[in-house]
Every structure is written in C-alpha cells, then in structure tokens.
J.: 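Please see the structure below; I have some questions.
Bear in mind the structure is a predicted one, so any value in this text is a computation, not a measurement. Per chain, numbering begins at 1; letters A, B, ... match sequence-line order.
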Amino acid sequence: MASFLKKHRYALISFVMLLPGLASFFGLFFYPMLVTVVRSFRPEGVTTAWTLRNYTDFLGQASTRQVILLTFFLAIACTLLSILLSVPLTLLLRQKLVGHRLFRLTILVPITVPGLVGALGLLLFYGSRGWLNLLLMQGLHVVEQPVKINYTLTGLVIFYVWHYFSYTAVTTLSTLEGLDPAFEEAARVAGASPWQVLRHVVIPLIMPGILAGSVLTFMAAFGAFSIPLITGGSYRPLAVQIYKQIEVFTPARWEAASAMAVVMALLQLVFLTFYMRVLRRPTAS
Amino acid sequence: MRTLRQYLRALLNAKKLLAYTFLLCFFLWVTTPFLMILLKSFGRNWFGKLWLPPEFTLDWYKWAITVTNIPEVLRNTLVIAGIAVTISTLIAIPTGWALGRRQIPGKEVIMSTILLPRMIPPIAYALGVAQIFYRLHLIDTHLGVAIAHVAICAPYAILVLSSTFEGLDERVLEAASVCGANNLRTFFHITLPLVMPGILSSIIFTFTTSYNEFTLTLMTYGPKTITLPVRTYLAVGEGYWEVTSALSMILIIPSLFVLFMIQRQVQPEKLVGGFKGV
C-alpha cells in the first residue's frame, strides 16, 4: 500500500486536486441532466414506468416543427448578421482611429450587462414612443405612424443581434490583431488593390476567428431564454416553450418539459458537431 | 497634379468620415437603450411624442425601494452571489492548479468535459437541478440558489484559473525550491501571490455571472429568495415601466464596475475565451 502510494504519488495528488471540479461537474451538470433524461421517459405523474409518449406527443404536434424552425431561424439569422456587423467593425477598430478604446469597450457592453436590462432598454428604444420612431417621424419624416418593431420577428432578430454579436466581434478582433501585417504588405507590393487584399488575404486569414466567434454567438442565441421570454411576445423559441410547461400548467408538466429539453440539447449538440467538422476542415482556397 | 492630390485627400477624408459615421451609429445603437432606461427611471409624465420627459422625479426609486422591497432583494442577491463565488473559487483553485500545472493524461478531454455546461442550453439542466433541489428541500434557500449558480460559475472560474496557473513562470518556482522551500511553502508564499490577479478576475466574473443569473434562479427561487433579476422580470410582468427602469439602474451597477475593470486591465478575450479547442 505504502509503496503504491509512493509510486503513484504524482498522479494521486493531481487526481485529488481535480476532484472538486469533477464533483461539481457530475453533481451540478451530469446528474441533473440524467434526471432530466430519465424524467423525459416517464409517463405523466408516474415515477416508475417507462414510456416514449412525451417524445411522440411533442414531435407529433404540428406546432413543434414551427417552434424548432423559429429557434433555428433566430439563431442562424443572429449569427449571420453578427458576422456582417463584426467584420467591418473590427477592420475599422484595427486602424486605431481616435477613440477606438471607447468603441472596443462598447463591444463588451451587451455581454456584461444583465440580459433583462438590455431587453428593457431595447423595448423602450424601439417602442412606438421610443427614440427610433420619434426620429423616423419627427426627425426624418419618413413615416406617419410609428413602425411596429417590438414583439415582431424583425424586432426579435434585432434584439438577438444586439445581445449576442459581442462574442463574434471580440473573437474576430483578437484574431485580426494577431495577424502578421507582412502578409498584407506582400500582397500590396505584388500589386493587389485594397479590396483584393481584403477579399483574398485578410478575410481568409481571419476566417477561423470569425467562425469560432460565430459558434459562441450561435450557442448563446440558440439557448436564449430571458430575451425571448420578455421581448418575444407570441414568438416562443424552444427554451421559452420548455419554461411555459412548468409555469403555465398546474401541476407542472415536468415530463413534457424534460422531453423538450432533451430534444433541444440534442439539436444543439448535433448542429455544433456538424459546424465544428466544417470548421476544422482545412480551407482549400 | 496638385488638384489630383487634393482630390485624393478629400476622398481619404470622406473615407474617414464614413468610418466615423459607422462607428458612431454602432456606439449609439448599443448605448441609447440604456440612456432611455435612465431617463425613464427619473422622468414623470413622459407620454406622447416627447423626446425627453417633461419633469424629473425620484419617486420611482422610492417606489422601487418600498413597493418591490429592494433592500431585502438586494440582500438576497448579494448573499447568494457571495456564497456562489466562494464555492466556485474553492472548487477552481485546486482544479485550475491541477489542469494548469500537472501533467495529466487526457487533459484536453477533462477541460472540454468541465466546459460542457456552457455548451448545453442552461434550461435543459436547470429542469434537473430544480427536481433534485425539490427532493433535497433546497428550493427557496440562499444556499440552494447559490449552489445552482455554481453549475454555471465553476466552469468559468476553472477556465480562468487554469490559464492563470499555466502562465506561471517555471523559473520562479524552481528558484524557490532551490532556496530550500518545500512544495507547500512554495505554493502559499510564491504561487498563490503570483496568481492573485487571476483569482481576482475570476472572482469578479463569477460574481457578475451569479448577480445577473436568471434561468437557474427562476427554476430554484421562492418568495424568500427573490433576486434582482427575478424581481425585474416580475416587475416587467406587472407593467410598471418606470419602476422597472429604476430597478434596472440598480441592477446594472456591478456590470458597470466590471466594464471599468476590463477597461483598466483585463483582456476581453478572457471574457469570451477558453474555446482554444474550437
């Protein structure tokens, strides 16, 4: 025993030190997830029998497909728009114009401020009496009646981008800053126009950064809960639908909610695996 | 030739103008919502097509304090955040040390496993946490809500601390052992002071994560453990926009502090970071 301890002392110490982290993982993530999975196979209100009904019920509903489509639409639209916003933004910030530190900090505002506060501010800003509509009506005289943005699909996409673009922007910015200027100089010396340099040198080189950041944006948008809960109105993505099973029904429909949560987690994992596979593929161009 | 140069310079300035317009629009797009909350929380009789509230008042803050019981809600929030930060840090120091300084087979796998809670929608395991906590009677207790927060905070703290430990200079530790310090002594007198900045930034970020946490709180809270985010959510449902704005202004203070800290020193990549494997 003593010799075993002595022989494996190094490994044992490492293991003991790892234990708290592993314990919190298994106790607070793995076990709860297991409970969710097991509960999703139980008939409603029963704790012994097994059934597939929660899944067949959920997947059989006509509205389910719309909910899943909505969730994916919001997440993908938000991801694409975040990329479209982040690339020009970070290219400008990289030039170190006067005041670039302030703009850099601005990128971080949406992820440091509580989502609920952001959602409230956006509802005020885009509301029928918000500044955007006042600008459109009184400042620019473009429209007569206030434009309805809150509680519409367009509005929800705008809110999502506001909340989650930061992940893409920060990652893109740090990739861009790590880029060796020699590549661009070489291209420019070889006679490429600024646009060509951007299109054929800079963008391909920062692509891994953009994609890695967009994965984070996608995950956040796919699992978004507080934003659609407050600002979604009648648009309810998966996370909100799951919560409604607990909140609206008495007794709470834990089994149905668990089945939906399992489907949601699986959809996200499958999509992520697929995305990472695309990501890791060496770019041929 | 001269006109050509002038023309080019004008074009350059136009380009700069365009760049600044874009950046300014971006800045306003991000920040005006907060300005509107601020005005709403101080404004009275702000109806119709007015750009600014006609009168200013502190009434909504008084309402927020008396009606929505801010002192108790704030106390709950701080107690819960305090417990969550303590537990997460105590978990993260040994685990971060092991992951950062020891040779462990399959380190990458362990790291990804610990980060898995960040890849799954929180609502999925929040359901399980709620059911387990009902059984253990942890629902509506400060400790219970705090432990639920650890599920999200701990991976984060481990991530930050393992990279801090990894970044330590080997030579300093060797110097300590050459001078005759044993392992424990080296840890407490050399390693710990060196990683203090990392521990502090981990504490700051776990604190804000817990302070702002909504999903897991919503599944585990009760009348005795209403936190600020939940109170804000309930106030939105009750429809008093002015009082909700006043609440939001209080809720936002720690986040502003964190932004200030980031601006001072911390690299923003750390906030998002840790997806080296991606």
J.: Can you say whether Leu116(A) sits under 4.5 Å from chain B via the side chain, the backbone, both, or neither, judging by heavy atoms?
T.: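 Side chain of Leu116(A) only, per the 4.5 Å heavy-atom cut-off to chain B.
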J.: Side chain, backbone, both or neither: which part of Leu18(A) has a non-hydrogen atom closer than 4.5 Å to chain B?
T.: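 The answer is both parts of Leu18(A).
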J.: Determine whether Trp29(B) and Phe125(A) satisfy the following criterion, ring pair (Phe, Tyr, Trp, His ring centres under 6.0 Å), listing intermediate values before the conclusion.
T.: CA-CA 10 Å; Trp29(B) 175 65; Phe125(A) 180 68; 9.5 Å; no
J.: Please classify the contact of Ile132(B) with chain A as side chain, backbone, both or neither, using a heavy-atom distance under 4.5 Å.
T.: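 Answer is side chain: those atoms of Ile132(B) sit under 4.5 Å from chain A.
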J.: Taking side chain as everything from C-beta outward and backbone as N, CA, C, O, which of these in Arg104(A) sits under 4.5 Å from a heavy atom of chain B? Side chain, backbone, both or neither.
T.: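 Contact with chain B is absent: no heavy atom of Arg104(A) under 4.5 Å.
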J.: Measure across Asn212(B) and Pro114(A) and return the closest heavy-atom pair with its distance rounded to 0.1 Å.
T.: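 That would be OD1-CG, 3.3 Å.
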J.: Give, as side chain, backbone, both or neither, the part of Val263(A) having an atom under 4.5 angstrom from any heavy atom of chain B.
T.: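 Interface part for Val263(A): neither.
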J.: What part of Leu173(A) lies closer than 4.5 angstrom to a heavy atom of chain B: side chain, backbone, both or neither?
T.: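 For Leu173(A), no heavy atom lies under 4.5 Å from chain B.
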J.: Could you walk me through whether Leu92(A) and Tyr20(B) pass the side-chain contact (heavy atoms from CB on, under 4.5 Å) check?
T.: CA-CA 9 Å; Leu92(A) 285 180; Tyr20(B) 270 110; over 6 Å; no
J.: Which pairs, with at least one residue in residues 216-228 of chain A and sequence neighbours excluded, count as a side chain to side chain donor-acceptor pair (under 3.5 Å)?
T.: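 Non-adjacent pairs meeting side chain to side chain donor-acceptor pair (under 3.5 Å): Thr168(A)-Thr217(A).
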J.: What closest approach, in Å, do Leu105(A) and Leu259(B) show between heavy atoms, and which atom pair accounts for it?
T.: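 Closest heavy-atom pair between Leu105(A) and Leu259(B): CD1-O, 3.9 Å.
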J.: Look at atom OH of Tyr240(B) and say whether more than 12 heavy atoms of other residues, nucleotides or ligands are closer to it than 6.0 Å.
T.: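 Open: at most 12 neighbouring heavy atoms sit under 6.0 Å from OH of Tyr240(B).
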J.: Taking all non-hydrogen atoms of both residues into account, name the closest pair between Ala124(B) and Ala261(A) and its distance.
T.: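 Taking every non-hydrogen atom into account, CA-CB, 3.8 Å.
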J.: In terms of heavy-atom proximity below 4.5 Å to chain A, should Ala19(B) be classed as side chain, backbone, both, or neither?
T.: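 The answer is both parts of Ala19(B).
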J.: Please tell me whether Trp162(A) and Phe34(B) form a close aromatic pair, meaning their ring centres lie under 6.0 Å apart.
T.: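 Ring centroids of Trp162(A) and Phe34(B) are less than 6.0 Å from each other.
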J.: Restricting to non-hydrogen atoms, name the atom on Gly128(B) and the atom on Thr36(A) that form the minimum distance, rounded to 0.1 Å.
T.: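 Minimum heavy-atom separation between Gly128(B) and Thr36(A): N-OG1, 3.2 Å.
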J.: What part of Leu238(A) gets within 4.5 angstrom of chain B, counting heavy atoms only: side chain, backbone, both, or neither?
T.: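 For Leu238(A), there is no contact with chain B at all, as no heavy atom is under 4.5 Å.
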J.: Between Ser255(B) and Val113(A) (side chain of the first, backbone of the second, donor and acceptor by atom type, cut-off under 3.5 Å), is there such a pair?
T.: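 Flag not set: sc Ser255(B) to bb Val113(A) has no pair under 3.5 Å.
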J.: At a 4.5 Å cut-off on heavy atoms, which part of Tyr10(A) comes close to chain B: side chain, backbone, both, or neither?
T.: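 It is both, since atoms from each part get that close.
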J.: Taking the ring of Phe103(A) and the ring of Phe22(B), is the distance between their centroids below 6.0 Å?
T.: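 Judged by ring-centre distance (under 6.0 Å), Phe22(B) and Phe103(A) do not meet the cut-off.
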J.: So for Leu132(A), is it side chain, backbone, both, or neither that comes closer than 4.5 Å to the heavy atoms of chain B?
T.: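 Nothing of Leu132(A), per the 4.5 Å heavy-atom cut-off to chain B.
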J.: Tell me whether Trp131(A) contacts the main-chain N or O of Trp51(B) through its side chain, where contact means a donor paired with an acceptor under 3.5 Å.
T.: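 Side chain of Trp131(A) to backbone of Trp51(B), a donor-acceptor pair under 3.5 Å: yes, one is there.
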J.: Taking all non-hydrogen atoms of both residues into account, name the closest pair between Gln131(B) and Ser258(A) and its distance.
T.: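 Closest approach of Gln131(B) to Ser258(A): NE2-OG, 3.9 Å.
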J.: Is the CD atom of Gln138(A) crowded by more than 12 outside heavy atoms at less than 6.0 Å?
T.: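 Enclosed.
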J.: Side chain of Gln268(A), backbone of Met119(B): donor and acceptor closer than 3.5 Å?
T.: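 Such a contact is found between Gln268(A) side chain and Met119(B) backbone.
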J.: Does the pair Ser24(A) and Thr95(B) meet the rule for a side-chain contact (heavy atoms from CB on, under 4.5 Å), with working shown?
T.: CA-CA 11 Å; Ser24(A) 86; Thr95(B) 311; over 6 Å; no
J.: With side-chain contact (heavy atoms from CB on, under 4.5 Å) as the criterion, how do Ile104(B) and Phe15(A) come out once you've worked through the C-alpha distance, each side chain's angles and the decisive distance to 0.1 Å?
T.: CA-CA 9 Å; Ile104(B) 301 169; Phe15(A) 179 71; over 6 Å; no
J.: Leu256(B) and Thr112(A): side-chain contact (heavy atoms from CB on, under 4.5 Å), yes or no, with the steps?
T.: CA-CA 8 Å; Leu256(B) 294 181; Thr112(A) 29; over 6 Å; no
J.: Can you name the nearest heavy-atom pair linking Pro121(B) to Ala265(A), along with the distance?
T.: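 Heavy atoms only, the tightest pair is CD-CA, 4.3 Å.
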J.: State which residue, out of Phe25(A), Phe30(A), Phe29(A), fulfils the ring pair (Phe, Tyr, Trp, His ring centres under 6.0 Å) condition with Tyr125(B).
T.: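 Result: among Phe25(A), Phe30(A), Phe29(A), Phe29(A) is the only option passing the ring pair (Phe, Tyr, Trp, His ring centres under 6.0 Å) with Tyr125(B).
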J.: Would you indicate whether Tyr134(B), at its atom OH, is surrounded by more than 12 heavy atoms from other residues, nucleotides or ligands within a distance under 6.0 Å?
T.: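 Check fails, neighbour count at 12 or below.
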